[in-house]
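As structure tokens, the structure follows; a few thoughts come after it.
Below, all heavy atoms of this structure are taken into account, side chains as well, without hydrogens, waters or symmetry copies. This one's a predicted model, so the numbers in the text were calculated from it and none came from an experiment.
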There are 2 protein chains.
Amino acid sequence: MDAATRLSAPATVEEFRDRLAVITDTLPKRLRQCADFIGAHTDRIAVSTVADLAAGADVPPSALMRFCQIMGFTGFSEMQKLFREAYVPGWPDYSTRLRNLKENGAGSPGALVAEFVEAGRLSLEVLAKSLDETALDAAVQLLAKADTVHVVGMRRAFPVAFYMVYVFEKMQVPAMLHDAVGKLDHRYALRPGDAILAITFAPYSEETLTLAQDARDRGLPVVAMTDQLTSPLARQSDAVLTVPEVDFGAFRSLSATIAMALSLAVAVGTARG
Amino acid sequence: MDAATRLSAPATVEEFRDRLAVITDTLPKRLRQCADFIGAHTDRIAVSTVADLAAGADVPPSALMRFCQIMGFTGFSEMQKLFREAYVPGWPDYSTRLRNLKENGAGSPGALVAEFVEAGRLSLEVLAKSLDETALDAAVQLLAKADTVHVVGMRRAFPVAFYMVYVFEKMQVPAMLHDAVGKLDHRYALRPGDAILAITFAPYSEETLTLAQDARDRGLPVVAMTDQLTSPLARQSDAVLTVPEVDFGAFRSLSATIAMALSLAVAVGTARG
DNA sequence: AGCGGAATGGAATAAATATTCCAAAACCGC
DNA sequence: GCGGTTTTGGAATATTTATTCCATTCCGCT
């Protein structure tokens, strides 16, 4: 391989594909095999070893090494890095960044906006990538056939809960917001045929968990919107929607959460006709 | 760990999660950290090294090793194998994924998510470009030197108003939410030295405009968060923050609005020390 | 057929990563 | 506070994995 070919490593998966398409024709036999196999199994690069891929392409490992270099990388590891990072971008040192932000006041308000914008964009992107459509469909089903939808969310989750009820209202879906005004729980408002949508993130709020448990005990379907599949809420729910939000203490951007919530509400509203 | 615990390694990701949920509560500190981090980043296991994950969970590598064994695996490699095999081929990049989601047909929940994600990202992008830093600085100034910050927002703006008060609370800024519960307006709660933050979008809600007007009449500073410089609210305010929100259908994603709100709240909280 | 340059395979080496082990620290029940 | 037990961190080791190098093979050209 000449110097010109080696100069630039693809910086994105897109670029990688382009480059691959361009050079494939010019390669000799073994390297062509590499190119073909890699092209057909791009997704496996992130989780495989040189030996695995070489075996798959039916070439010796050294051939695959050469292939990586021809693609512009210094070696296999560098190529793999591209795919591992593309998988979910930018997760490292986000918490660090935001700790600084919190401590130093992050300079100007304008800089703050930039940070929050970035956090929001990232959250949305990850949501799009990691959305579990099956769970979402299930959630829509459950809520669409309920008589009344009960929505509960406290503290950080409250804006989301409220907004969902607002949208339900607009779409003429019978919905009740459990807001604990005056410390009343409205547990007896849960009637047979109803369903409950519970929203909570770590640290999980007691009231929300209790209400969800209560509903479950009575055999009502529970849909959870939470941060992890292992959250205490998830265990007692019939459908679990996880929302990946870039999170720093009290400051969650809520972008992804609201996108998910709106979609759910609109889908339910539509399904009810 | 006793032999019983070690006997069975989870054979599927499902089993893994169940096991994780069950044992999490029984673990000591460091191992708990592992469990939490792993729970929140299960998707990273397939593409990370022991060192990476350990760093993420903020524990030494050996702790993570122990965690793997407690989960029933012989070591990290075996655990990773599970996730590498379960690795869903092809998480295409963001734009491809969006396209896929939409292909499920307009109106499908997945397609809705795609739309709202796009609307949100677009809004954030526009916000970043069009931010009026002068107005933002002015707003921060006004609110930072107020005794109590009164926040008002109804309907769609209410989630934002609530969230701001929540953050103010966290940052120990005296703030009052005007939520009109029981149709009470708390206009007499506005005291000399206070400031008001009013949030409203077209169609502008009467109560919000009235309260802002009221505050202005008494000479209190009014900060507005609204959709256009020409909104009725803008005319009676001392600082106007416009938020460009891209709507999808009748519903706004609120991404940009919340980014702006958070920034404002944090900036004010910081400025107050 | 014979020459020269490119391509190849495999063995040797380097680097990284996982795993174990043990002394020190923290914790717990008394 | 004290002895026993559990938990922890880190250094030492084992293992896997990437990378290089070079002798050999292949291929096109005259």
Side-chain angles (χ1 to χ4, degrees), chain A residues 1-6 9 16 23-38 41 44-85 87 92, chain B residues 1-6 9-10 16 20 23-38 41-42 44-85 87:
Chain A
M1 75 236 88
D2 45 300
T5 322
R6 209 194 291 151
F16 178 89
I23 65 167
T24 293
D25 306 321
T26 75
L27 297 176
K29 190 168 157 220
R30 286 286 113 109
L31 293 176
R32 170 79 67 96
Q33 282 174 248
C34 293
D36 287 346
F37 184 82
I38 293 288
H41 301 93
R44 298 227 39 103
I45 298 175
V47 295
S48 301
T49 66
V50 173
D52 290 345
L53 292 174
D58 195 27
V59 301
S62 48
L64 208 120
M65 281 318 291
R66 272 194 295 274
F67 170 78
C68 297
Q69 286 164 354
I70 286 175
M71 282 296 287
F73 302 99
T74 64
F76 175 75
S77 299
E78 193 181 290
M79 181 169 107
Q80 190 174 53
K81 194 158 152 243
L82 172 65
F83 288 90
R84 288 191 166 174
E85 277 165 8
Y87 181 65
Chain B
M1 72 241 86
D2 46 298
T5 322
R6 208 195 289 151
F16 177 88
L20 186 62
I23 66 168
T24 294
D25 305 320
T26 76
L27 297 175
K29 188 167 157 220
R30 286 285 111 103
L31 293 175
R32 171 79 67 96
Q33 280 173 251
C34 294
D36 288 346
F37 184 81
I38 292 288
H41 303 275
T42 356
R44 279 268 134 203
I45 298 175
V47 295
S48 300
T49 67
V50 173
D52 289 345
L53 293 174
D58 196 27
V59 300
S62 48
L64 207 119
M65 257 355 261
R66 247 173 275 130
F67 170 78
C68 297
Q69 286 163 354
I70 285 176
M71 284 295 288
F73 303 98
T74 65
F76 176 75
S77 299
E78 193 181 293
M79 179 169 110
Q80 189 175 53
K81 194 161 150 243
L82 172 65
F83 287 90
R84 287 194 164 172
E85 278 162 10
Y87 175 88

Exercise. Taking atom P of D/dT17 as reference, at what distance in whole Å does atom CZ of A/Arg84 sit?
Worked result: 11 Å
Exercise. Between C/dA6 atom P and A/Lys29 atom NZ, what is the distance in whole Å?
Worked result: 20 Å
Seminar exercise, completed: Among C/dG9, C/dA18, D/dA18, the one nearest any side-chain atom of A/Pro60 is C/dG9
May I have the list of side-chain donor-acceptor pairs in residues 76-83 of chain B shorter than 3.5 Å, sequence neighbours left out?
| unit_1 | atom_1 | unit_2 | atom_2 | d |
| --- | --- | --- | --- | --- |
| B/Glu78 | OE1 | B/Thr74 | OG1 | 3.0 |
| B/Gln80 | NE2 | B/Ile45 | O | 3.2 |
| B/Gln80 | NE2 | B/Ser48 | O | 2.7 |

Exercise. Using a cut-off of 4.0 Å on non-hydrogen atoms, how would the nucleic acid contact of B/Thr49 be classed: base, sugar-phosphate, or nothing?
Worked result: sugar-phosphate
Problem set entry | Value in whole Å for how far the P atom of C/dG9 lies from CG of A/Leu31 | 10 Å
Seminar exercise, completed: So CZ of B/Arg66 and CG of B/Leu27: to nearest 0.5 Å the spacing works out to 11.5 Å
Exercise. Between D/dT7 atom P and B/Ile23 atom CD1, what is the distance in whole Å?
Worked result: 12 Å
Seminar exercise, completed: Between CZ of A/Phe67 and P of D/dT19 the distance, given in whole Å, is 14 Å
Exercise. Please give, in whole Å, the distance from C/dT17 C1' to B/Leu53 CG?
Worked result: 12 Å
Exercise. Taking OP1 and OP2 of D/dT20, is either one under 4.0 Å from a side-chain nitrogen or oxygen of A/Gln69?
Worked result: yes
Exercise. Looking for any heavy atom pair under 4.0 Å, which part of the strands does A/Ser77 touch: base, sugar-phosphate only, or nothing?
Worked result: sugar-phosphate
Problem set entry | Gap between atoms CG and P, on B/Leu64 and C/dT17 respectively (whole Å) | 15 Å
Problem set entry | Distance-minimising heavy-atom pair for B/Arg30 and B/Pro60 | CD-CD, 4.5 Å
For this session: Keeping the roles fixed (side chain from B/Gln33, backbone from B/Asp58), state whether a donor-acceptor pair exists under 3.5 Å.
Result: yes
Seminar exercise, completed: The answer to which of B/Leu27 and B/Ser62 contacts DNA chain D further toward the 5' end, by nearest nucleotide, is B/Leu27
For this session: Nearest whole angstrom, please: distance from the P of D/dT7 to the CZ of B/Arg30.
Result: 13 Å
Seminar exercise, completed: Out of D/dA18, C/dT8, C/dA18, minimum distance to the side chain of A/Pro28 belongs to C/dT8
For this session: Find the distance between CG (B/Leu31) and CD1 (B/Ile38) and round it off to the nearest 0.5 Å.
Result: 11.5 Å
